[in-house]
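Below is one structure; the comments refer to it alone.
In what follows, chains carry the letters A, B, and so on, assigned in the order in which the sequence lines appear, proteins first and then strands, with residues in each chain numbered from 1.
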Amino acid sequence: MPELPEVETIVRRLRSSVMGRRIVAFHSRCAKQARPNVAAVRRAVVGQTIAQLGRRGKYIVFYLEHSGFLLVHLGMSGRLGVLSNDDQSPRHVRASWELDDGNRLLLSDARKFGRIEHVADLAAATAGLGIEPLSSAFTAAWLAAELRKRSRQLKPLLLDQSLIAGLGNIYVDESLFRAGVHPLTRCDRLDRRQTAALHRAIREVLREAIRYEGTSFDWAYRGGRMQARLKVYGRAGEPCRRCRTPIAYLRVSQRGTHICPRCQPAPRSDRTEPAEQP
DNA sequence: TGAATTGTTATCGT
DNA sequence: AACGATAACAATTC
């Protein structure tokens with residue numbers, strides 16, 4: 001389940017081996033994963049040089065020298081890596097890019113939730129994505145203003161890619177814990193102190209996760225060391241690292257959610273959830 | 001066996 | 001009408 005820190009790590013690892021390389025061939029046997037379709041992607045990328053590799057939210061962005069951009073979204077099980085000629089091919093390869101140095105870039109993706117898309121206009125294609133949480137535009141004042149505009153529960157709001165791009169289930173839970181805020185809190189009910197704490201927590205958690213090259217949880221993403229530093233995610237029943245209270249597991253908008261019931265007290269019940277009417 | 005996972009889309013209610 | 005909540009869906013592993 002690659003989120004912003006995992007995608008950033010992949011981009012950094014990949015950069016040196018794909019930048020300046022020309023794409024010699026493109027193959028995909030998974031028609032539904034390529035947009036607008038496999039043939040269009042092949043036409044657009046074959047013969048092109050990769051000028052730069054970047055990230056926007058959870059998207060990996062290939063800056064093609066003469067024909068727009070290739071966006072790769074890893075979904076929840078996608079892995080992108082360069083294979084040397086003599087390496088063994090991973091399982092579930094859905095797409096491959098043959099490079100002019102003889103190496104191959106592979107997308108392996110067991111669950112096929114990943115997407116490959118060629119676009120002419122990067123700004124237009126990513127217009128639906130919200131702010132980059134590590135950019136200087138993401139300030140406590142900005143967050144406070146956005147939280148005031150709405151009334152949703154905090155967790156689904158933070159997962160909404162159209163407000164903040166790149167947060168997923170792991171780092172939302174971690175951010176809320178570090179801010180000491182309950183995921184069911186209505187977003188317009190945070191006071192100034194809590195908003196500042198949340199803003200700070202999001203940036204600190206993402207920065208730390210990038211420093212430790214992301215969270216390796218299962219076969220879907222390997223190589224990270226952040227899992228050892230997580231405070232709540234995946235720690236249901238284990239003692240809180242701050243107060244020893246067992247970490248609780250609940251479900252918030254269909255997502256598994258981890259909290260410390262003591263460090264993240266439940267919001268006052270008035271108007272937090274829709275009142276139960278008989 | 002079912003729970004878990006992301007993002008998109010549809011639908012319903014307020 | 002706009003917003004928010006909810007469910008379904010894609011597919012596979014453990």
Side-chain angles (χ1 to χ4, degrees), chain A residues 1-8 10 28-38 55-61 71-80 90-95 107-117 119 125-130 133 146-175 183-189 209 214-222 224 226-227 230 232-237 247-258 267 271-278:
Chain A
M1 32 197 138
E3 305 180 21
L4 187 154
E6 290 78 30
V7 175
E8 180 66 28
I10 290 166
S28 171
R29 316 201 96 207
C30 237
K32 291 166 87 172
Q33 293 191 269
R35 293 177 189 181
N37 55 63
V38 174
R55 179 192 59 77
R56 178 77 174 90
K58 299 177 192 173
Y59 287 86
I60 298 165
V61 184
L71 305 181
V72 176
H73 194 290
L74 298 172
M76 49 185 295
S77 60
R79 305 166 71 168
L80 195 63
R91 303 203 306 167
H92 308 301
V93 173
R94 309 303 181 189
L107 172 68
S108 78
D109 181 11
R111 289 171 192 167
K112 299 188 187 176
F113 289 5
R115 292 287 174 266
I116 300 166
E117 182 171 18
V119 300
T126 58
L129 290 178
E146 292 299 322
L147 295 183
R148 264 198 307 272
K149 289 181 193 171
R150 304 168 171 81
S151 59
R152 300 174 70 184
Q153 296 169 339
L154 213 35
K155 172 148 179 173
L157 183 69
L158 294 178
L159 286 170
D160 188 339
Q161 301 299 299
S162 70
L163 181 68
I164 301 174
L167 293 179
N169 209 29
I170 296 174
Y171 297 110
V172 166
D173 280 7
E174 290 297 310
S175 299
L184 288 175
T185 311
R186 255 179 59 157
C187 64
D188 55 356
R189 290 297 189 93
T215 301
S216 300
F217 236 76
D218 50 26
W219 46 273
Y221 179 83
R222 305 222 175 258
M226 184 63 185
Q227 61 275 15
L230 299 178
V232 289
Y233 188 88
R235 299 193 65 243
I247 299 300
Y249 182 81
L250 55 151
R251 195 155 287 274
V252 177
S253 61
Q254 319 302 117
R255 293 283 185 253
T257 301
H258 312 72
R271 297 271 195 274
T272 297
E273 292 170 283
E276 288 177 39
Q277 300 289 349

Closest listed nucleotide, where the reference is the side chain of [X] and the choices are [options]:
X         : options                  : value
Lys58(A)  : dG4(C), dT13(C), dT6(B)  : dT6(B)
Arg251(A) : dG4(C), dT6(B), dA4(B)   : dA4(B)
Arg111(A) : dA10(C), dT12(C), dA5(C) : dT12(C)

Distance, rounded to the nearest Å, where [X] contributes [atom1] and [N] contributes [atom2]:
X         : N       : atom1 : atom2 : value
Leu74(A)  : dA11(C) : CG    : P     : 18 Å
Leu157(A) : dG7(B)  : CG    : P     : 14 Å
Leu184(A) : dG4(C)  : CG    : C1'   : 14 Å
Glu6(A)   : dT6(B)  : CD    : P     : 11 Å
Asp188(A) : dG4(C)  : CG    : C1'   : 12 Å
Gln33(A)  : dT6(B)  : CD    : P     : 17 Å
Leu159(A) : dT6(B)  : CG    : C1'   : 10 Å
Leu129(A) : dT6(B)  : CG    : P     : 16 Å

So, [X] side chain and [Y] main chain: donor-acceptor pair closer than 3.5 Å or not?
X         : Y         : answer
Arg235(A) : Gly237(A) : no
Lys112(A) : Gly78(A)  : no
Glu3(A)   : Ile170(A) : yes
His258(A) : Gly234(A) : yes

Under 4.0 angstrom between [X] side-chain N/O and [N] OP1 or OP2:
X         : N      : answer
Tyr249(A) : dA4(B) : yes
Arg152(A) : dA5(C) : yes
His73(A)  : dG7(B) : yes

How long is the gap from CZ on Arg189(A) to CG on Leu154(A), to the nearest 0.5 Å?
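These two atoms lie 13.0 Å from each other.
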First encountered from the 5' end of DNA chain C, between Lys149(A) and Gln254(A)
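Per heavy-atom nearest nucleotide, the more 5' residue is Lys149(A).
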Quick one: label Asn169(A) by what it contacts on the DNA or RNA (base, sugar-phosphate, nothing), any heavy atom closer than 4.0 Å.
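It contacts sugar-phosphate atoms only.
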Heavy atoms under 4.0 Å, any strand shown: does Ser151(A) hit a base, just sugar-phosphate, or nothing?
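Sugar-phosphate contact only - Ser151(A) comes under 4.0 Å of backbone atoms but never of a base.
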When you compare the side chain of Arg29(A) with that of Val38(A), does any pair of heavy atoms fall below 4.5 Å?
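Side-chain contact under 4.5 Å: no.
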Are a donor atom and an acceptor atom from the side chains of Tyr59(A) and Gln161(A) found within less than 3.5 Å of each other?
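No, because no side-chain N or O of Tyr59(A) sits under 3.5 Å from a partner of the opposite role on Gln161(A).
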May Phe113(A) be described as stacking on the base of dG7(B), applying a 5.5 Å centroid limit and a 30° limit on plane angle?
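Not stacked by the 5.5 Å and 30° rule.
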Write out all pairs satisfying salt bridge (Lys or Arg N to Asp or Glu O under 4.0 Å) with one or both partners inside residues 159-171 of chain A, taking only residues at least two apart or from two chains.
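Checked against salt bridge (Lys or Arg N to Asp or Glu O under 4.0 Å) - neighbours excluded - the pairs reaching residues 159-171 of chain A are Arg152(A)-Asp160(A).
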Could you go over nucleotides 8-14 of chain B and give all protein N or O partners under 3.5 Å, atom names and distances?
none

